[in-house]
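All remarks here apply to the structure that follows.
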Amino acid sequence: MAIIKRKTIPFNFSQKHKDYIKRSANCMYNIAEGAIRAGKTVDNVFAFAYELKTTKDKLHLATGSTVANAKLNIGDANGFGLEYIFRGQCRWGKYKDNDALFVRGPSTRGKQRIIIFAGGAKADSFKKIRGNSYGMWIATEINLHHDNTIKEAFNRTAAASKRKFFWDLNPDNPNAEIYTEYIDKYERNAKSGKLLGGYNYQHFTIDDNINISEQRRAEIKSQYDATSIWYKRDILGQRCIAEGLIYRIFAENYKMYAWTDALPRNLNIIIGVDFGGNNSAHSFTATGITPDFKNVIVLTSERISCRKDDGSDIDPDQLGLLFCDFCKRVINVCGNISRVYCDSAEQVLIAGLRTAARKQGLSWLSIQNSLKDEINNRINLTVQLMAQGRFFYIPDKAESLKNALRTAIWDPKEKTKNVRLDDGSSDIDSLDSFEYTIEREARRLINY
């Protein structure tokens, strides 16, 4: 049966983007770096799809930090992804237990092409892509991929008929391994003639995307704290090293974030629990999110030493009682708790909290594992909420979190990655417990 395309995808590229896509036809290495909403991923998806129509290779690879990230940014791409480009000629399925997009139709001259989707952030992610030989490889947020994944992907494409790589990334620490071992090295070797196959690099900013209006650009820029590294990276498209205070906008104006009005009705109250260890403490934080996901209000926070006054450790039973007392105070003052998210690395202690909750008449509490997203993603979400005036705390009730936010700094000894200092000199525990309360709602909070 003939395939009739009923919808045309509204691709609209500026000349800078067109030039990058055209160069990709003759280059093995294609790397798009720069600000958010610059159109980097769409360029690579478009170029990758074009090459997919004529390649002789059957299997190809698409990766992101996670499988979901790869499918969202490469498969969907807000209506510009592979599943839309090959609408009516593709289907999602499984290939050797991997998520895959199967393409066959007029665009591929009736030949089947299979794109394997995989995550690449973890040290053992490479195991999922072993056993196959791939033709082309498209990767989004390549700087978030583990080096093991990058090396394995290169190895798996060695026998390709048409060997091509399409990478995109937001700027990172200038000393990050993705630059020193790959991108910058490729550029030097390409200029000296040592790198064969063709090297195509382009830096983009949000101003290079002609599909975004001036008003929308201004709106996007206003979501950021202009003093943060994320503004420099996501908006200005600069590689930069994180230095000094993490939450400078809060540290310098913390009083403006104090919530002094009556609490809104129907708050979604979530509790985060971080378990202490050496040089740290247990931490409980209760956060209320308004029903429209506009505001985040830290209702109360508590930091508890892992040791009692006599020097002995707080045992799991005692921790369970402290947790239940905290929950009861929150319920009495603020309202019902919808969920509790705990540090997923401590399953024994989580089981202890569930047991304590049952004994204390709180068996209805939903005590779950935290998502435990990348720390810098969690930090970025908090900074954005602060910059937009959507983050608040209740004075005298959330002092431990307030002090933690005012004193959190970047690790000055770390030169290749942007790492939050965690040497016992600052309260990382309170930050973690708070972040567990909002990380699962990140997309809804950002999309508000």
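With hydrogens and angles disregarded, a donor-acceptor distance shorter than 3.5 Å links the side chain of His203 to the backbone of Gly237. Looking only at distances, no side-chain donor or acceptor of His60 sits under 3.5 Å from a matching main-chain atom of Ile115. Put simply, the side chain of Ser430 never gets that close to the backbone of Asp427: no donor and acceptor are under 3.5 Å apart. Side-chain N or O atoms of Lys40 include one that pairs as donor or acceptor with a backbone N or O of Ala35 at under 3.5 Å. Using modelled atom types, no side-chain atom of Asp57 and backbone atom of Leu59 make a donor-acceptor pair closer than 3.5 Å. Looking at Arg37, its side chain never comes within 3.5 Å of a backbone N or O of Ile220 through a donor-acceptor pair. Here the side chain of Tyr224 pairs no donor or acceptor atom with the backbone of Val383 at under 3.5 angstrom. Between the side chain of Gln202 and the backbone N or O of His17, no donor-acceptor pair lies under 3.5 Å. The backbone N or O of Ile269 lies less than 3.5 Å from a partner atom in the side chain of Ser338, making a donor-acceptor pair. Side chain of Glu439 to main chain of Asp373: a donor-acceptor pair is present (N/O by atom type, distance under 3.5 Å, no hydrogens or angles).
In this structure, Ile129 and Ala118 approach most closely via the heavy-atom pair CG2-CB, 3.8 Å. When all heavy atoms of Gly64 and Asn69 are compared, the closest pair comes out as CA-OD1, 3.4 Å. Shortest non-hydrogen contact noted between Tyr341 and Ile270 is CD1-CG2, 3.6 Å. Smallest separation of non-hydrogen atoms from Arg406 and Ala251: O-CB, 3.8 Å. His146 approaches Ala121 most closely through the heavy-atom pair CB-O, 3.5 Å. Residues Ile229 and Ile241 come closest through the heavy atom pair CG2-O, 4.4 Å.
Residue-environment remark: NZ (Lys372) exceeds the threshold of 12 foreign heavy atoms within 6.0 Å. Crowding of Lys94 atom NZ: a count of heavy atoms from other residues, nucleotides or ligands under 6.0 Å exceeding 12. In Asn78, the CG atom is not crowded: 12 or fewer heavy atoms of neighbouring residues, nucleotides or ligands sit closer than 6.0 Å. Within 6.0 Å of NZ on Lys127 lie no more than 12 heavy atoms contributed by other residues, nucleotides or ligands.
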Trace of the salt bridge (charged side-chain N to carboxylate O under 4.0 Å, His left out) decision for Asp429 with Arg303: CA-CA 8 Å; Asp429 316 296; Arg303 188 170 187 258; 2.9 Å; yes
Using the rule given for side chain to side chain contact (heavy atoms under 4.5 Å, CB included), can you reason through Ile31 versus Leu169, listing the C-alpha separation, both sets of side-chain angles and the distance that settles it, and then say yes or no? CA-CA 8 Å; Ile31 301 168; Leu169 71 157; 4.0 Å; yes
Can Leu263 and Ile394 be said to form a side chain to side chain contact (heavy atoms under 4.5 Å, CB included), step by step? CA-CA 10 Å; Leu263 287 177; Ile394 296 182; 3.9 Å; yes
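For the residue pair Asn30 and Arg23, no side-chain donor N or O sits within less than 3.5 Å of a side-chain acceptor on the partner. Judged purely by distance below 3.5 Å, without hydrogens or angles, the side chains of Thr157 and Arg163 pair a donor atom with an acceptor atom. Residues Asn200 and Ser24 have side chains that never bring a donor and an acceptor to within less than 3.5 angstrom of each other. The closest side-chain donor-acceptor pair between Asn369 and Gln347 falls under 3.5 angstrom. Using modelled atom types, one finds a donor on one side chain and an acceptor on the other under 3.5 Å when comparing Gln15 with Asp19. Using modelled atom types and a 3.5 Å distance limit, the side chains of Ser301 and Ser400 yield a donor-acceptor pair. A donor and an acceptor atom, one from each side chain of Asp172 and Asn143, are located under 3.5 Å apart. Residues Asp343 and Ser370 have side chains that never bring a donor and an acceptor to within less than 3.5 angstrom of each other. Checked by atom type, the side-chain pair Ser366/Gln368 shows a donor-acceptor distance below 3.5 Å.
Glu414 has no carboxylate O lying under 4.0 Å from a charged side-chain N of Lys417, or vice versa, which leaves the two without a salt bridge. Salt bridge Asp184/Arg239: present, at least one basic N to carboxylate O contact under 4.0 Å. A salt bridge is defined here as a Lys NZ or Arg NE, NH1 or NH2 lying under 4.0 Å from an Asp or Glu carboxylate O, and Asp411 with Arg420 fails to meet this definition.
Here the straight-line distance linking atom CG of Asn173 with atom CD1 of Ile178 works out to 13.0 Å at 0.5 Å rounding. Between the SG atom in Cys342 and the CG atom in Leu349 there is a gap of 9.0 Å [rounded to 0.5 Å]. One distance of note links CG of Leu431 with CG of Leu401; it measures 6.5 Å at 0.5 Å rounding. Remark: Cys324 SG to Arg329 CZ distance equals 11.5 Å, nearest 0.5 Å. Remark: Asn376 CG to Leu144 CG distance equals 9.5 Å, nearest 0.5 Å. Note that CG of Asn336 and CG of Asn268 are 11.5 Å apart. Values are rounded to the nearest 0.5 Å.
You'll find the side chain of Phe13 reaches within 4.5 Å of the side chain of Ile21, heavy atoms only. Residues Asp234 and Asn380 have side chains in contact (heavy-atom distance under 4.5 Å, counting atoms from C-beta outward). The shortest side-chain heavy-atom distance between Leu353 and Phe275 falls under the 4.5 Å cut-off. Proximity of Trp167 to Ile150: side-chain heavy atoms (C-beta onward) are separated by under 4.5 Å at one or more points. Between Trp230 and Ile36, the closest side-chain pair of non-hydrogen atoms is not below 4.5 Å. For the pair Asp274 and Phe434, the minimum side-chain heavy-atom distance is 4.5 Å or more. Counting only heavy atoms from C-beta outward, the side chains of Tyr179 and Glu33 approach each other to under 4.5 Å. Contact check for Phe391 versus Ile438: no side-chain heavy atoms found under the 4.5 Å cut-off.
Note on residues 200-209: pairs passing salt bridge (charged side-chain N to carboxylate O under 4.0 Å, His left out), not counting sequence neighbours, are Lys16-Asp208, Asp207-Arg217. Residue pairs meeting the salt bridge (charged side-chain N to carboxylate O under 4.0 Å, His left out) criterion with at least one member in residues 185-201, sequence neighbours excluded, are Glu181-Lys185, Glu187-Lys191. Applying the salt bridge (charged side-chain N to carboxylate O under 4.0 Å, His left out) test to pairs two or more places apart or on separate chains, those with a residue in residues 147-156 are Arg130-Glu152, Asp147-Lys151, Glu152-Arg156.
Under the 6.0 Å cut-off for aromatic ring centres, Tyr254 and Tyr247 do not qualify, their centroids lying 6.0 Å or more apart. Ring to ring, Tyr201 and Tyr186 are not that close: their centroids are 6.0 angstrom or more apart.
Among Phe117, Phe166, Tyr29, Phe154, the one residue that satisfies the ring pair (Phe, Tyr, Trp, His ring centres under 6.0 Å) test with Trp137 is Phe154.
Between Phe284 and Phe326, the ring-plane angle classifies as tilted under the 30° and 60° cut-offs.
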